[in-house]
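Remember, it's a predicted structure, so these values are computed and weren't measured experimentally.
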Amino acid sequence: MALALQARVSPFSAARSAPAKSRRAIVVCNAAQQRSEEQQQRGASLLLSLAASAALVLGAGPASADVKLPPLDNDPNRCERGYVGNTIGQANAVSNKPLDLRFCKYAGDNLSGKTLSGALMVETDLRGANLQEAVLTKAYAVRADLSGADLTNAVVDRVAFDGANLEGAKLVNAVITGTTFQGANLKGANFEDALIGSEDAKRLCANPTLVGDSRLQVGCRN
């Protein structure tokens, strides 16, 4: 036990002072511990992704707020990750570490082409941001501010936009599937040429803030 503890603090000094068999045990112990930590990180990210997906599939609107989110990432540079995005498991929004962009401020910033799959974007400030061709698969953007944001050609797949502000946002030619907009502000949003799933269109048309040309672009019948 003492050797294992010593190896965690200084594996090289412990390996030099321990007998050959003990050195091998220390190396094996360290490797097993590292694998366990990596598996725990992946497991947490996967559970979060599944929880968010379940909320979207069940049409959970503001009840999406009932999804239990992990504690806010204490990394002081966590918001900088938004300019890089995800690079691992992007299609299923699974990565080694959740992309925590909650409360970050990107007003007017250029995030075009970024993969923000599975990003936690609760109350994130994206006013007027350039999100052209961004991938937002399974992003959790409840109460986010995307007013005036440009999501032209973006992939808006299984996103929770409940309570979000999308006033004047451009979703031109965007792909919108499995996404919820309950309580969202859609006034003046541009959906021209967007590829919208039939159920998504129903949810959009049920939103009282979708009026005028926006309703025609979505294909609402009334």
Side-chain angles (χ1 to χ4, degrees), residues 1 4-12 14 29-56 60 62-131 134-147 149 151 154 156-165 180 183-184:
M1 180 71 176
L5 181 59
Q6 185 180 7
R8 181 172 178 80
V9 175
S10 180
F12 296 106
C29 179
N30 285 341
Q33 186 170 16
Q34 184 176 1
R35 285 196 300 271
S36 176
E37 290 174 353
E38 290 175 351
Q39 289 171 350
Q40 288 176 358
Q41 286 182 336
R42 290 193 183 98
S45 181
L46 177 59
L47 287 174
L48 174 62
S49 175
L50 290 174
S53 297
L56 292 175
S64 299
D66 295 337
V67 174
K68 188 174 182 180
L69 301 177
L72 193 68
D73 191 340
N74 58 10
D75 182 353
N77 298 315
R78 66 181 178 83
C79 291
E80 296 301 314
R81 295 180 62 205
Y83 298 106
V84 179
N86 281 336
T87 56
I88 301 175
Q90 56 191 16
N92 293 315
V94 177
S95 62
N96 286 340
K97 184 178 182 180
L99 185 57
D100 194 347
L101 308 180
R102 286 174 286 184
F103 312 109
C104 293
K105 299 185 183 301
Y106 302 106
D109 288 353
N110 183 7
L111 301 176
S112 61
K114 296 297 182 286
T115 297
L116 305 176
S117 299
L120 302 178
M121 302 168 71
V122 177
E123 297 187 28
T124 300
D125 184 357
L126 290 156
R127 291 172 296 166
N130 182 355
L131 289 160
V135 178
L136 301 173
T137 302
K138 295 183 181 177
Y140 192 76
V142 172
R143 298 187 303 279
D145 191 347
L146 293 100
S147 55
L151 290 93
V156 184
D157 175 36
R158 291 164 288 175
V159 180
F161 276 140
D162 303 314
N165 184 5
T180 57

How long is the gap from CG on Leu120 to CG on Leu101, to the nearest 0.5 Å? 7.5 Å

Rounded distance (nearest 0.5 Å) linking atom CG of Leu146 with atom CG of Asn165: 8.0 Å

Between the main-chain N or O of Tyr83 and the side-chain N or O of Tyr106, is there a donor-acceptor pair closer than 3.5 Å? no

Exam field: side chain Asp100 to backbone Asp73, donor-acceptor pair closer than 3.5 Å: yes

CG of Leu126 to CE of Met121: how many Å apart, nearest 0.5 Å? 4.5 Å

Closest heavy-atom contact between Ala149 and Leu131? CB-CD1, 4.5 Å

Within 6.0 angstrom of Arg127 CZ, more than 12 heavy atoms from elsewhere: no

Does Asn86 form a side chain to side chain contact (heavy atoms under 4.5 Å, CB included) with Arg81? I'd like the steps, not just the answer. CA-CA 8 Å; Asn86 281 336; Arg81 295 180 62 205; 4.2 Å; yes

Do Phe103 and Thr124 come close enough that some side-chain heavy atom pair is under 4.5 Å? no

To the closest 0.5 Å, what do you measure between CZ (Arg102) and SG (Cys79)? 11.0 Å

Side chains of Arg143 and Val122: closer than 4.5 Å at any heavy-atom pair? yes

At what distance, to the nearest 0.5 angstrom, does OG1 of Thr180 lie from CZ of Arg158? 12.5 Å

Hey, could you give me the SG/CG distance between Cys104 and Asp125, rounded to the nearest 0.5 Å? 10.0 Å

Looking only at heavy atoms, the pair that brings Ala164 and Ala141 closest together is CB-O, 3.7 Å

